[in-house]
Amino acid sequence: MEMSPTKLLDRVIDFAFMEANPTAEISAHKVMKENIKLGNIETVIEDLELLLDKYYGNNLIIDWQPSMTADDYEKKIDQIEDLYGPVDCLVVGGLGMMSDHEGETKSVNEHTKKLKHLANEKDIFIPIIVHCSKGGERTTRDVSKYARGSEKIKDNVDFYMMFSQIEDPNGDINKDVGWIQFVNKRGSGNTIDQIYEFNKNKLFLEDSDLDPSQFEIQTEDNKKY
């Protein structure tokens, strides 16, 4: 809901292209736009059909309708199941764009509660994107207390992952890597820190074997963050 369908489609195209051409140093959607400007529309359509059908087929449905509720999502899932078959995953992007009738905090609490019920009822994975309010630093690893809307979000999910940036010793942001902290709240209870590498061509986070401890910075008050 927070990204226009055309922007999201750009990312979908880039991801599919990079999967097929992992060594390419190019953004596929930009090339296609240039081809459209040059009048090569039929070629672009043919490339899109082959690319998207190969990697997604009928397995990706994009709906840009804002201010939806859990009930709206349930109806949408029922419609899609009638047309295409079982639904495995519903990505809510993001929670702050769902309907707000009784104030942000109360709405967020109710939405996460109902989405959890929907996940259990439909037996599907429902990841929700939650933004942070002001207050945390860009290198803060545990940003759960800054969850926009309500800290109750953390209580209503089974697990969550938090993203933060990495600074070099000079205080500059490293744009090639980033930090994810995984919290398995209802399972093992473990917290796992993982460094990801950022693929600029398909705007994708990729696994790395880098040790998080090498990126910890010592602050003036001798605390790690």
Side-chain angles (χ1 to χ4, degrees), residues 1-9 11-13 15-16 19 52-133 142-164 180-194 196 203-205 207:
M1 293 180 285
E2 294 183 352
M3 184 182 294
S4 70
T6 51
K7 281 290 185 183
L8 183 55
L9 183 59
R11 294 196 178 189
V12 167
I13 291 170
F15 176 71
E19 286 295 294
L52 298 181
D53 182 63
K54 178 179 179 180
Y55 286 95
Y56 300 104
N58 291 332
N59 294 322
L60 177 65
I61 307 294
I62 300 172
D63 192 307
W64 194 49
Q65 178 64 43
S67 300
M68 295 182 76
T69 65
D71 291 336
D72 294 327
Y73 283 125
E74 184 171 10
K75 292 176 183 176
K76 183 66 65 175
I77 290 171
D78 290 338
Q79 293 172 359
I80 293 171
E81 286 181 333
D82 289 340
L83 290 171
Y84 302 107
V87 171
D88 298 312
C89 180
L90 166 69
V91 181
V92 178
L95 186 61
M97 291 292 287
M98 293 182 70
S99 66
D100 181 0
H101 298 300
E102 302 179 83
E104 185 176 41
T105 299
K106 189 171 182 178
S107 293
V108 163
N109 290 344
E110 189 67 17
H111 289 322
T112 51
K113 178 181 177 181
K114 288 186 174 180
L115 286 171
K116 181 176 179 62
H117 175 74
L118 180 61
N120 291 332
E121 180 183 350
K122 293 290 187 180
D123 191 25
I124 62 174
F125 175 43
I126 303 184
I128 56 175
I129 298 172
V130 180
H131 292 289
C132 293
S133 58
D142 185 352
V143 294
S144 58
K145 65 181 179 180
Y146 300 109
R148 183 175 174 181
S150 171
E151 284 191 66
K152 186 71 175 175
I153 297 169
K154 187 168 65 173
D155 296 332
N156 287 338
V157 299
D158 292 335
F159 66 90
Y160 54 95
M161 48 188 173
M162 301 172 288
F163 297 81
S164 56
I180 307 178
Q181 188 169 95
F182 297 91
V183 181
N184 189 358
K185 189 169 70 72
R186 295 197 194 280
S188 64
N190 291 340
T191 296
I192 298 173
D193 292 305
Q194 172 72 36
Y196 67 80
L203 300 179
F204 195 70
L205 311 185
D207 291 339

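For this chain, numbers begin at 1 and follow the sequence in order.
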Least distance between heavy atoms, I180 atom then M161 atom: CG2-CB, 3.8 Å
Donor-acceptor pair, side chain of S67 and main chain of M98, under 3.5 angstrom: no
Of I61, I128, I77, the residue whose pairing with L90 passes side-chain contact (heavy atoms from CB on, under 4.5 Å): I77
D78 side-chain N/O to K75 backbone N/O, donor-acceptor pair under 3.5 Å: no
L9 side, atom CG; I13 side, atom CD1 - distance, nearest 0.5 Å: 4.0 Å
Heavy-atom neighbours of K113 NZ exceed 12 at 6.0 Å: no
Distance (rounded to the nearest 0.5 Å) between E81 CD and K122 NZ: 5.0 Å
Atom pair OH (Y55) and CZ (F15), whose distance is rounded to the nearest 0.5 Å: 9.0 Å
Mutual orientation of the aromatic rings belonging to F125 and F159 [parallel < 30°, tilted 30-60°, perpendicular > 60°]: parallel
Interatomic distance, I192 atom CD1 to N184 atom CG [nearest 0.5 angstrom]: 7.5 Å
Within 6.0 Å of CG in D123, more than 12 heavy atoms from elsewhere: no
Nearest non-hydrogen partners of A147 and I153, listed with the distance: CB-CD1, 4.3 Å
Spacing of CG belonging to L95 relative to OG belonging to S107, to within rounding of 0.5 Å: 9.5 Å
Residues forming a side chain to side chain donor-acceptor pair (under 3.5 Å) with K76, sequence neighbours excluded: D63
Backbone of S99 reached by a side-chain donor or acceptor of H111 within 3.5 Å: yes
Atom CG of D207 with >12 non-hydrogen neighbours under 6.0 angstrom: no
Side chain to side chain contact (heavy atoms under 4.5 Å, CB included) against R11, all qualifying residues, sequence neighbours excluded: M3, L203
Interatomic distance, L52 atom CG to N59 atom CG [nearest 0.5 angstrom]: 12.0 Å
